[in-house]
Amino acid sequence: MNCPPRSVRTDPPDTDRQKMVLFCQTCGRTAGIDDWPAQIDDERVDHIDCPDCGTTVWRGLDADETDETKRVLTPTA
């Protein structure tokens, strides 16, 4: 039995949409990354706090984490 060939999309990716969503572990707020107020220091995000309860949901990179491969948003709660 032969499987039908898979279709391949040739459309360019949609760069206007983002997949990243942050969650506040304290109050349950869920929003896209652009909907959270970020504290910026030296053109880098220092931390992101929940506008509803004030909990820090993400802290910036440490000095030893400047390598591009280590830049991953992780929850802090």
Worksheet item: How close do C53 and T26 get, heavy atom to heavy atom, and via which atoms?
Response: SG-CB, 3.9 Å

Worksheet item: Of all heavy-atom pairs between I48 and A38, which one has the smallest distance, and what is that distance?
Response: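 That would be CG1-CB, 4.1 Å.
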
Worksheet item: Taking the side chain from W36 and the backbone from D49, do they hold a donor-acceptor pair closer than 3.5 Å?
Response: no

Worksheet item: Quick one: does D46's side chain get under 4.5 Å of I40's, heavy atoms only?
Response: no

Discussion item. Is the shortest side-chain heavy-atom distance between L22 and I33 below 4.5 Å?
Written reply: yes

Item to complete: Not counting sequence neighbours, which residues clear side-chain hydrogen bond (donor to acceptor under 3.5 Å, both in side chains) with D52? List them please.
Response: R29

Worksheet item: What distance do R59 atom CZ and H47 atom NE2 have between them, rounded to the nearest 0.5 Å?
Response: 10.0 Å

